[in-house]
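Notes to accompany the following structure.
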There are 2 protein chains.
Amino acid sequence: MNNPARKPSRIQTENRQRIRDAALGLFATHGFRGTTLDQIADACGMHKPNLIYYYESKEAIHIDLLNTLMEEWLNPLDSMNPEGDPLEEITAYIRRKMEMSRLYPRESRLFANEIVQGAPRMLPHLETTLKPLFDKQCGIIAKWMNDGKIAEMDPAHLIFSIWAVTQHYADFEAQIAVLLPGDDKRERGAEQFVEMMFRKVLMP
Amino acid sequence: MNNPARKPSRIQTENRQRIRDAALGLFATHGFRGTTLDQIADACGMHKPNLIYYYESKEAIHIDLLNTLMEEWLNPLDSMNPEGDPLEEITAYIRRKMEMSRLYPRESRLFANEIVQGAPRMLPHLETTLKPLFDKQCGIIAKWMNDGKIAEMDPAHLIFSIWAVTQHYADFEAQIAVLLPGDDKRERGAEQFVEMMFRKVLMP
DNA sequence: CAAGTTTTTTACCATTTGGTAAAGTTACGA
DNA sequence: TCGTAACTTTACCAAATGGTAAAAAACTTG
């Protein structure tokens, strides 16, 4: 990896992706300190120094994951359309969040790990990227409430509760699996419940 | 600590408590692997071998914490009274959960860490202790719904959503602090919001 | 296909970390 | 108050872990 300015080769792109994929699963379940370079190397069929060839340190892998994750993660929130039907827009947002919990539980857990531990590597990112978006969307929701389109409440806490409930299904999956062993219709049940719940909350 | 059968001395009780208190904070913020014996020793003003004198290993401290935590943690759920007024009972439960998030965020985060990482040391405990209680309380709630006292829905997902929303305030505090910087009335706002929200959901 | 560049592998190292051995010190009941 | 059991401290150690050096292999390009 001589010239960092040059655009990455095919092998570089592929291998970085393999590393990220392996590291994502491990960081998500064992946390940053709980994951070793050897584990990551094993999981993606490489040798430890090879990882360091592509990422200068273990922390660099972690940071790269968090950064790429943040973008994907915030997309749904950003795509709420202020011109659309309020109840529809929020419901669509909730549906996408549930879908993401179902399809990308590793990402959800990586994020959860980071935040539970005080966001040591993400606080700046939260302030510069998440905060402005959050404030903007709170404004949109507040306007909808003012217009009487949905029930009046604190938009910030509404968003928190949506995050809490939807991400819970990914982050606390281990617990849910114990309490609701019938694996088949669990996901459908969850999605129906959550939608119903927020419809009740939001009805003007 | 010669005779393990004998009841613990005053010093033993005190020092074990000091260790648990220090370890709780560290495990909660850095996770199990992220916390070192030296850190714990530092935090409670002891030397590392002294910890091992009281607990046979780092893992033993962690397990002891999780076990004692579980009991306290489940108390509120257990104290829902099937004879009481349904809406009152559930609201009281929610209030106690919010209070616990506010007063014992370390415990909440310790638990969150453990579950997010797949509950490696707690799965058996979840199955033997939490599951039966959960099923019992689901039954109580189902009966209330059958009697038309509260709105009809899946009691399991209702409990999940209560856990999700209430614990979110402790577990994701780092994020909330960024998004809602006005520290003063945040807690009141959260408690009012959550109560209002579930009242709407539960109204028959 | 030859020369140079990128990528992989082997061998290694310094630090950290969980834990031990054993000597030294304190508390406490007879 | 004296002897013994409980507790603390100092000095260690072996394994694990993040990372490096450098040679070997593979790939790219003129």
Side-chain angles (χ1 to χ4, degrees), chain A residues 1-27 29-66 113 117 120-121, chain B residues 1-66 113-114 117 120-121:
Chain A
M1 218 157 48
N2 261 3
N3 188 344
R6 205 142 98 220
K7 83 170 176 189
S9 72
R10 178 186 50 88
I11 293 182
Q12 243 172 84
T13 321
E14 275 177 22
N15 282 353
R16 275 167 174 268
Q17 186 51 48
R18 263 168 73 201
I19 293 171
R20 273 199 300 267
D21 188 60
L24 173 56
L26 289 164
F27 283 145
T29 40
H30 305 301
F32 178 72
R33 288 285 309 270
T35 303
T36 70
L37 283 176
D38 283 310
Q39 283 178 299
I40 301 175
D42 256 22
C44 62
M46 291 186 189
H47 292 200
K48 191 164 55 172
N50 215 344
L51 299 184
I52 299 302
Y53 176 73
Y54 289 107
Y55 283 98
E56 69 181 15
S57 67
K58 181 172 122 174
E59 192 168 13
I61 305 176
H62 196 238
I63 289 173
D64 189 27
L65 276 175
L66 287 175
N113 257 303
Q117 308 197 354
R121 290 167 238 278
Chain B
M1 217 156 51
N2 261 2
N3 189 342
R6 205 141 99 217
K7 83 172 176 190
S9 71
R10 177 185 51 87
I11 294 181
Q12 241 173 85
T13 320
E14 275 177 21
N15 282 353
R16 276 169 175 266
Q17 186 49 50
R18 263 168 73 200
I19 294 172
R20 272 199 301 267
D21 188 60
L24 173 56
L26 289 163
F27 283 144
T29 39
H30 305 301
F32 178 73
R33 287 286 309 269
T35 303
T36 70
L37 282 177
D38 282 310
Q39 283 177 298
I40 302 176
D42 256 22
C44 61
M46 291 187 191
H47 291 200
K48 190 164 55 170
N50 215 344
L51 299 184
I52 299 303
Y53 177 73
Y54 289 107
Y55 283 97
E56 70 181 17
S57 68
K58 179 171 123 174
E59 192 168 12
I61 306 178
H62 196 238
I63 290 174
D64 189 28
L65 276 175
L66 287 174
N113 256 303
E114 171 71 8
Q117 308 198 355
R121 290 167 239 278

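Because only heavy atoms are used, hydrogens play no part in the values below, and waters and symmetry mates are left out as well, while side chains stay in. Below, read A as the first sequence line, B as the second, and so on, with proteins coming before strands; counting in each chain starts at 1.
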#### Entry: salt bridge (Lys or Arg N to Asp or Glu O under 4.0 Å): pairs with one or both residues in residues 34-52 of chain B, sequence neighbours excluded
B:Asp38-B:Lys48

### Query
Atom NE2 of A:His62 and atom P of D:dG18: how far apart are they, to the nearest Å?
13 Å

### Task
Find the distance A:Ile19:CD1 to C:dT8:C1' and express it as a whole number of Å.
12 Å

### Query
Over how many whole Å does the gap from A:Tyr53 atom OH to C:dT7 atom C1' extend?
5 Å

### Task
Grab the CZ-C1' distance between A:Arg16 and C:dT7 for me, whole Å please.
13 Å

### Task
Looking only at side-chain atoms of A:Lys58, point me to the closest of D:dC7, C:dT7, D:dG19.
D:dG19

### Query
So does A:Gln17 have more than 12 non-hydrogen atoms from other groups sitting under 6.0 Å from CD?
yes

### Query
Considering residues, nucleotides and ligands other than A:Glu56, do more than 12 of their heavy atoms fall under 6.0 Å from its CD?
no

### Task
Output the residues of residues 33-43 of chain B in contact with DNA chain C, where contact means a heavy atom of the residue under 4.0 Å from an atom of the strand; sort by number or write none.
B:Thr35, B:Thr36, B:Leu37

### Task
Rounded off to whole Å, could you give me the CD-to-C1' distance for the A:Gln12 and C:dT6 pair?
8 Å

### Query
When rounded to the nearest 0.5 angstrom, what is the spacing between CG in A:Leu66 and CG in A:Leu24?
10.0 Å

### Footprint string (nucleotides 20-30 of chain C, 5' to 3'): B base within contact, S backbone only, - free, heavy atoms under 4.0 Å
BB------S--

### Query
Rounding to a whole Å, what distance do you find between A:Asn15:CG and C:dT9:C1'?
14 Å

### Query
How long is the span from the CG atom in B:Leu26 to the CG atom in B:Leu37, to the nearest 0.5 Å?
11.0 Å

Only pairs under 3.5 Å count here: list side-chain donor-acceptor contacts from residues 57-65 of chain A, not counting sequence neighbours, and write none if there are none.
unit_1  : atom_1 : unit_2   : atom_2 : d
A:Ser57 : OG     : A:Glu59  : N      : 3.4
A:Ser57 : OG     : A:Ala60  : N      : 3.1
A:Lys58 : NZ     : A:Phe32  : O      : 3.1
A:Lys58 : NZ     : A:Thr35  : O      : 2.6
A:Glu59 : OE2    : A:Arg121 : NH1    : 2.6
A:His62 : ND1    : A:Arg121 : NE     : 3.1
A:Asp64 : OD2    : A:Arg20  : NH1    : 3.0
A:Asp64 : OD2    : A:Tyr55  : OH     : 2.6

### Query
Going from OH on B:Tyr53 to CD1 on B:Ile19, what distance comes out if it is rounded to the nearest 0.5 angstrom?
11.0 Å

### Query
A:Ala41: what forms a side chain to side chain contact (heavy atoms under 4.5 Å, CB included) with it, not counting sequence neighbours?
A:Leu51

### Query
In whole angstroms, how far is the C1' atom of C:dT10 from the NE2 atom of A:His47?
9 Å

### Message
A:Asn15: which residues meet the side chain to side chain contact (heavy atoms under 4.5 Å, CB included) condition with it, sequence neighbours left out?
### Response
A:Ile11, A:Arg18, A:Met46, A:Tyr54

### Task
Nearest whole angstrom, please: distance from the P of C:dT7 to the CG of A:Leu51.
15 Å

